[in-house]
Amino acid sequence: MSRGRTRRRLVALIAPAVLLAACSAAPSSSTALSAQGLTRAADGWLGIPLSVERSLPAVTLLTTSDRPFVLDEELRGTPTLLFFGYSSCPDICPIHLASIASAMEQTRTRYDQVQVVFVSVDPERDTPERIGEFLGHFSDRMIGLHGDLAVVEAALGQLDLPGPIVEGPDPRGEGDLIGHPAQVIGFDAAGDARRVWPFGTRRADWVEDIPRIVAEWSS
């Protein structure tokens with residue numbers, strides 16, 4: 001399937017309002033929450049609980065060293081924050097990753113306590129070197145993965161998420177902007193998806209939730 005073809009399947013992972021956002025210089029989609037961040041639930045969490053059961057996708061991707069990486073096998077045993085994006089993204093991706101990295105540092109959470117995984121939806125531009133350089137701006141402990149678009153779309157499909165969509169030329173001259181799922185998905189140590197954090201999640205929200213991930217989702 002070409003990247004520009006609209007995915008028409010019903011997306012049921014979470015409310016549609018927090019599913020897909022086009023990367024743009026000034027995000028104005030419904031995923032761009034107010035600066036006040038997320039609303040605390042009755043159980044104390046800020047991340048949004050899932051409405052259906054989902055697990056880590058059973059697909060094989062590649063690391064930045066081009067080593068095969070079986071997602072549902074290698075990530076089990078440790079809580080995981082999984083995000084699909086691309087290195088040329090002007091807003092959603094760097095904001096999410098910077099917020100997580102800063103919160104990990106502030107809470108003194110190690111990356112062997114909570115794995116942070118970035119999967120590229122842009123195989124044409126995101127070489128292993130480019131992914132590594134991009135993640136290096138945030139932390140060299142984040143896991144960067146890539147693969148054929150069909151494999152990435154299969155992973156998204158297993159999570160009931162839409163595939164990437166070309167949105168048009170990037171005004172910065174960086175090629176095309178790509179619409180992609182804008183939320184970070186949290187999995188517990190058993191590989192079960194538990195909550196999501198949409199674009200607009202603040203560093204302060206992560207500071208609240210990351211220690212709970214370690215305390216409640218670890219083996």
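Because only heavy atoms are used, hydrogens play no part in the values below, and waters and symmetry mates are left out as well, while side chains stay in.
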Give a yes or no on whether the backbone of [Y] and the side-chain of [X] come within a donor-acceptor separation of less than 3.5 Å.
X	Y	result
Asp43	Trp45	yes
Thr80	Leu82	no
Asp126	Ser120	no
Ser102	Ala98	no
Gln115	Ile143	no
Arg195	Gly47	yes
Asp205	Leu46	no

Close side-chain approach of [X] to [Y], heavy-atom, < 4.5 Å:
X	Y	result
Ser218	Pro79	yes
Met104	Tyr111	yes
Phe83	His180	yes
Gln183	Leu161	yes
Ser88	Arg125	yes
Val196	Leu50	yes
Leu61	Val151	yes
Pro57	Leu159	yes

Heavy-atom closest contact ([X] atom, [Y] atom, distance):
X	Y	answer
Leu156	Pro181	CD2-CG, 3.8 Å
Arg194	Asp188	NH1-OD2, 3.0 Å
Arg130	Ser87	NE-OG, 3.1 Å
Leu56	Leu71	CD1-O, 4.1 Å
Ala103	Ile210	CB-CD1, 3.9 Å
Pro211	Thr107	CG-CG2, 3.9 Å

In Å, rounded to the nearest 0.5 Å, how long is the span from CH2 of Trp197 to CD1 of Ile100? 9.0 Å
Using 4.0 Å as the upper bound for N to carboxylate O, is an ion pair formed by Glu208 and Arg40? yes
Taking 4.0 angstrom as the limit, do Asp209 and Arg212 come out as a salt bridge? no
Report whether Leu145 and Leu62 are members of the same hydrophobic cluster (ILVMFWY, side-chain heavy atoms less than 4.5 Å apart, transitive linking). no
Report whether Val116 and Val207 are members of the same hydrophobic cluster (ILVMFWY, side-chain heavy atoms less than 4.5 Å apart, transitive linking). no
Is the CZ atom of Arg67 crowded by more than 12 outside heavy atoms at less than 6.0 Å? yes
Would you say that more than 12 heavy atoms from the other residues, nucleotides or ligands in this model lie under 6.0 Å from the CD of Glu105, or not? no
Ring-plane angle category for Trp206 and His96, please: parallel below 30°, perpendicular beyond 60°, tilted otherwise. perpendicular
Audit row: Asp122, His146, side-chain hydrogen bond (donor to acceptor under 3.5 Å, both in side chains) steps and yes/no: CA-CA 8 Å; Asp122 186 13; His146 67 104; over 6 Å; no
